[in-house]
Amino acid sequence: MLSRQPIALVLVSWFVAGAASARELWFNNPAWDWASQSLPIGNGKHAASFFGGIENDTWTLNVDSLWTGGPFQLDGYRGGNPTESRVPALREIQDFIFKNGTGNISGILGSDASYGSYSVLGNLTVDLGLEASSAKNYKLSLDIDRGVGGSEFTTEKYGKITREYFCSFPAQACIYHLTASKSLPSVDIAISVMGRKPAPDVTAKSNTITFRGLAEAPNGMLYDARVALVFPGTSQKNKDYITKAGGLSVPESAGVKELWLVLSSDTNYDEKNGNSKAGFTFKGPDPGPKVASTVAAAAKKSYNALLEEHIKDHQALYRAFSLNLPDPLMSSSKPTDEIMSSYDISKGDPYLESLLFDFGRYLLIGSSRPNSLPPNLQGKWAKDFGNPWSGDYHTNINLQMNVWGSEATGLGSTLDGLWRYMTETWVPRGSETAKLLYGADAGWVLHNEINTFGHTGLKGNGDQNTALWFAYSASNAWMMQHVWDHYDFTNDKNWYKDVGYPLIKGVAQFHLSTLLEDKYFKDGTLVVNPCNSPEQPPSTFGCAINQQQISEVFMNVLKGWDASGDQDLVFKKKIQNALDRIYSGIRVGRYGQIQEWKLDIDNPDDEHRHLSHLYGWYPGYSISSVHSGNATIRSAVETTLIHRGPGRSTDANAGWEKVWRGACWAGLNNSTMAHYELRFAIEQNFANNLYSVYSKDPSTVGTWVFQIDANFGIVGQVLHMFVHDLDVGYQNQGKIKTITLAPAVPGAWWGSKVAGYKLRGGGEVSFSVSKQGKVEDVVLKGRNSGSPKLKFVDINGKELSVKS
């Protein structure tokens, strides 16, 4: 085990008898492959992947805003928007589609010029000059309850060497702590990056390494990183370290037993300057002075003080919720790679499944904080200058899945950066896109792939084949689900009035002004034209996902009207009228499926990774809640899931598609299929470090692609197996609400406990599932007397006794 510094914290034991606490990943060997073995730490803004090498210990470093491309690289960068209106071309496309059912939308596709990519910062290396063979009793670990990683081993000469790693939100810095029970060998410290052009400027002065440069030549974003070397007490002077080219060295002769490093970084990216007034430059001041000040402030504190404030901050979030499952295989006593290698898909392992659930919450805490950008496709952990899919924000499932379960587990406070990002980055450019591409007289829009520079326009450079990837104009509506959820869970009317509702209203205004009366079926309904169901051809009208999501936006406007403070009754009336006329996106097709398009053109053999037409079933509510009592609709959802397959087909083998399917099966109270999809995802898509990856072919280790959404998606899926606390249509507000507990909990999980599940409308519920599968010990706390009344039932509809 890692040595524990004395800290003034009470470690609460919240696991039930016979159940293991899923708190630690650990291994008996150092990591060598980034995607499948390295372990993550982060504080939202900063992130590091650690390897725990014996001779040379390495961190791969990231800072949330470091991107290539954008206005830093391209003068006149337009975020993918055209220079002139494309509305005439759009009208021709719409007419063609209404006449023929499908069409070609290349006339409005745009540009991805200087789109750029999320980029690695560099590598921190701490070289001890040891031979690997000299180390015994090695352990690499990540304690997700404390938010602290580390590595340790013993040597005959230096005794036990222990390294603790964490990224502190209070200190806005990452800390590397090194100790030896006897004394440390020589320690060489460097920060570098190979292959970046222009090469960074690395200097060492006094006790600090400074690492500065541009993300790319010739005009890239400026980054600045500092690493300060600190010794305990005041007795150690400059003689104990030596500055050298690009680094610091502590000689063995100094007789040092303990030291630590304080690292912080930033860029000159400023999202407040991503608007027309600022010329969409996104450029801020030189980050150097701020970084230097941050490092100096943290370096003045003792290591114990830094550790204590970090753990207190981390556990305030992490311990707000707990889920504990049985450990029949005694997996808690085994290294994580051993648990993974012995995982049997036919049976599963409740301990590993709960560990993955907790790891997902840990990753959100580490990659999403109030002062940071939201978590991207890799959270904040990336290793290359240009990362898979640019390490950007995909808004047709991926960014949304990143925050599944955040509100219910008490992590809604980590999403302030997401609301700010949408307000500062999406809305200004998205308002231009709305006018130039769609002729919208109000509101804003964006599409499926977005960088940090407000790329709200369509990508594709006019190639029709790219429409299926990028032409998704309801991504703004999907994101409003999470804006509404934040208010629905918190009842924070000030936040809703100032932040949430302006976002929702802008999206509602856009769709109000662009919906068209259906001229194909001529049924008087309002539809989106053109649309692509995410990543599926054809370009058509009335795509189910667009219609379902826009319907929910309109319903949420009405549900939150009183809290919004909006006095525009004309706008409210328009919303009511549009909601009465809009095509719901819910239609049962020729083989009993929920149709993906208004046209009944679904292929029963299509096992595409997306479940776009089931958005309203999960994670939305326009099917699951509004039509909850409709047996025909429920049967159509099941038929759709059966035909769509388990989530491994020719188009992809991603983890996120499986956990989405699992959540949908949970909505049908089908614990067998929900649990299978989770087990299938673990077998196919999770590496030994519990990262969600593509293609777990053992022969290709080293080339596996990490994509974080399934890590987060597991949180949402598992919660839906334990609790159905569905949102409701605006017509059902104020009525007694029924919440189902343990609707899809498999027998392997009986003997589990949920504590601190946050509810819509406020309050939280805790309960246990007995070893016989019965829901027991239901406790409701913190429910406001003014909130809608609740009724808790089990899977059979039997009302449960509730204590408060």
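None of the values given here were measured: they were computed from a predicted structure. One is the number of the first residue; the rest follow in order along the sequence.
Each of Phe166, Phe50, Tyr165 was scored for a ring-ring contact (aromatic ring centres under 6.0 Å, His included) with Trp59, with one residue passing: Tyr165.
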Margin query: Quick one, Ser36 with Val701, criterion side-chain contact (heavy atoms from CB on, under 4.5 Å). Give me CA distance, side-chain angles, the key distance, then yes/no.
Written below: CA-CA 8 Å; Ser36 65; Val701 174; 4.0 Å; yes
Next item on the list: Take Tyr118 and Tyr393 through the test side-chain contact (heavy atoms from CB on, under 4.5 Å) and record every step on the way to the result.
Entry: CA-CA 10 Å; Tyr118 183 55; Tyr393 299 99; over 6 Å; no
Notebook entry, point to check: Yes or no on salt bridge (Lys or Arg N to Asp or Glu O under 4.0 Å) for Asp224 and Arg212, after CA distance, side-chain angles and deciding distance?
Noted result: CA-CA 4 Å; Asp224 186 291; Arg212 285 170 60 86; 2.6 Å; yes
Next item on the list: Take Arg226 and Leu263 through the test side-chain contact (heavy atoms from CB on, under 4.5 Å) and record every step on the way to the result.
Entry: CA-CA 6 Å; Arg226 316 261 169 141; Leu263 183 150; over 6 Å; no
Next item on the list: Determine, step by step, whether Phe510 and Tyr438 satisfy the ring-ring contact (aromatic ring centres under 6.0 Å, His included) criterion, reporting the C-alpha distance in whole Å, the side-chain angles of both residues, the deciding distance to 0.1 Å, and the verdict.
Entry: CA-CA 9 Å; Phe510 169 78; Tyr438 299 98; 5.4 Å; yes
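Once rounded to the nearest 0.5 Å, the distance linking CG of Asp709 with CG of Asn398 reads 4.5 Å. With rounding to the nearest 0.5 angstrom, the CG atom of Asn396 is 3.5 Å from the CG atom of Asn448. Note: Gln172 CD to Ser264 OG = 7.0 Å, rounded to the nearest 0.5 Å. Of the inter-residue distances, the one linking Leu363 atom CG with Ile714 atom CD1 reads 10.5 Å to the nearest 0.5 angstrom. With rounding to the nearest 0.5 Å, the separation of NZ in Lys658 from CD in Gln684 is 5.5 Å. For the atom pair NZ (Lys45) and OG (Ser65), the distance works out to 4.5 Å, reported to the nearest 0.5 Å.
The main-chain N or O of Ala654 is found under 3.5 Å from a side-chain atom of Glu657 such that the two form a donor-acceptor pair. Although no hydrogens or angles enter the test, the distance criterion places a donor-acceptor pair under 3.5 Å between the side chain of Asn451 and the main chain of Tyr115. With hydrogens and angles disregarded, no donor-acceptor distance shorter than 3.5 Å links the side chain of Arg196 to the backbone of Pro200. Not a single donor-acceptor pair under 3.5 Å links the side chain of Thr425 to the backbone N or O of Gly454. The backbone N or O of Asn688 sits nowhere less than 3.5 Å from a side-chain atom of Asp337 that would complete a donor-acceptor pair. Judged by distance alone, with hydrogens and angles left aside, the side-chain atoms of His447 form no donor-acceptor pair with the main-chain N or O of Ala471 at under 3.5 Å. With hydrogens and angles ignored, the 3.5 Å screen pairs a side-chain donor or acceptor of Ser390 with a backbone N or O of Gly116. No donor-acceptor pair closer than 3.5 Å links the side chain of Trp469 to the backbone N or O of Gln536. Ser293 places no side-chain N or O within 3.5 Å of a backbone atom of Pro289 that could act as its donor or acceptor partner. Judged purely by atom type and a 3.5 angstrom limit, Asp392 has no side-chain atom pairing as donor or acceptor with the backbone of Glu449.
Residues Leu458 and Ile108 meet the side-chain proximity criterion, which asks for heavy atoms closer than 4.5 Å. Side chains of Val63 and Thr267 form a contact here, defined as non-hydrogen atoms less than 4.5 Å apart. At least one side-chain heavy atom of Leu364 sits under 4.5 Å from a side-chain heavy atom of Pro375. In this structure the side chain of Ile708 never reaches within 4.5 angstrom of the side chain of Leu377, judged on heavy atoms. Proximity of Trp704 to Thr700: side-chain heavy atoms (C-beta onward) are separated by under 4.5 Å at one or more points. A 4.5 Å side-chain heavy-atom check between Ser367 and Phe712 finds at least one atom pair inside the cut-off. Under the 4.5 Å side-chain criterion, counting only non-hydrogen atoms from C-beta, Ile105 is in contact with Asn532. The shortest distance between side-chain heavy atoms of Tyr472 and His394 does not fall below 4.5 Å.
Between Phe453 and Phe72, the angle of the ring planes lies from 30° to 60°, which puts this pair in the tilted group.
The heavy-atom pair separating Leu90 from Pro530 by the smallest distance is CD1-CD, 3.5 Å. The two residues Ala681 and Val659 come nearest to each other via the heavy atoms CB-CG1, 4.2 Å. Contact record, Pro374 with Gly417: CD-O, 3.9 Å, taken as the closest heavy-atom pair. Here the closest heavy-atom approach between residue Arg78 and residue Pro82 is recorded as NH2-O, 2.9 Å. Listed here is the closest heavy atom pair of Thr414 and Ser368: O-OG, 2.7 Å. The minimum heavy-atom distance linking Leu317 with Ser413 is given by the pair CD2-OG, 3.6 Å.
Defined by atom type and a distance below 3.5 Å, a donor-acceptor pair is missing between the side-chain atoms of Lys696 and Asn653. His46 and Asp266 share no donor-acceptor pair across their side chains, judged by distance under 3.5 Å alone. Looking at Trp32 and Gln37, their side chains do bring a donor and an acceptor atom within 3.5 Å of each other.
Using a 4.0 Å cut-off between a side-chain N of Lys or Arg and a carboxylate O of Asp or Glu, Glu535 and Arg609 qualify as a salt bridge. A salt bridge links Glu271 with Arg420: at least one charged nitrogen is closer than 4.0 Å to a carboxylate oxygen. No salt bridge links Asp64 with Arg369; every basic N to acidic carboxylate O contact stays at or beyond 4.0 Å.
Taking the six-membered ring where the residue is Trp, the centroids of Tyr421 and Trp426 are separated by under 6.0 Å. Separation of the Phe211 and Tyr223 ring centroids falls under the 6.0 Å cut-off. Checked against the 6.0 Å centroid criterion, the rings of Tyr694 and Phe706 do not qualify as a close aromatic pair. Between His482 and Trp404, the distance from one ring center to the other does not fall under 6.0 angstrom. Remark: aromatic rings of Trp656 and His610 are close, center separation under 6.0 Å.
Residues satisfying the side-chain contact (heavy atoms from CB on, under 4.5 Å) criterion with Thr60, sequence neighbours excluded, are Trp34, Ser49, Phe51, Val120, Asn123, Lys383.
Atom NZ of Lys290 is surrounded by 12 or fewer heavy atoms from other residues, nucleotides or ligands within 6.0 Å. Counting non-hydrogen atoms of neighbouring residues, nucleotides and ligands closer than 6.0 angstrom, the CG atom of Asp697 exceeds 12 such neighbours.
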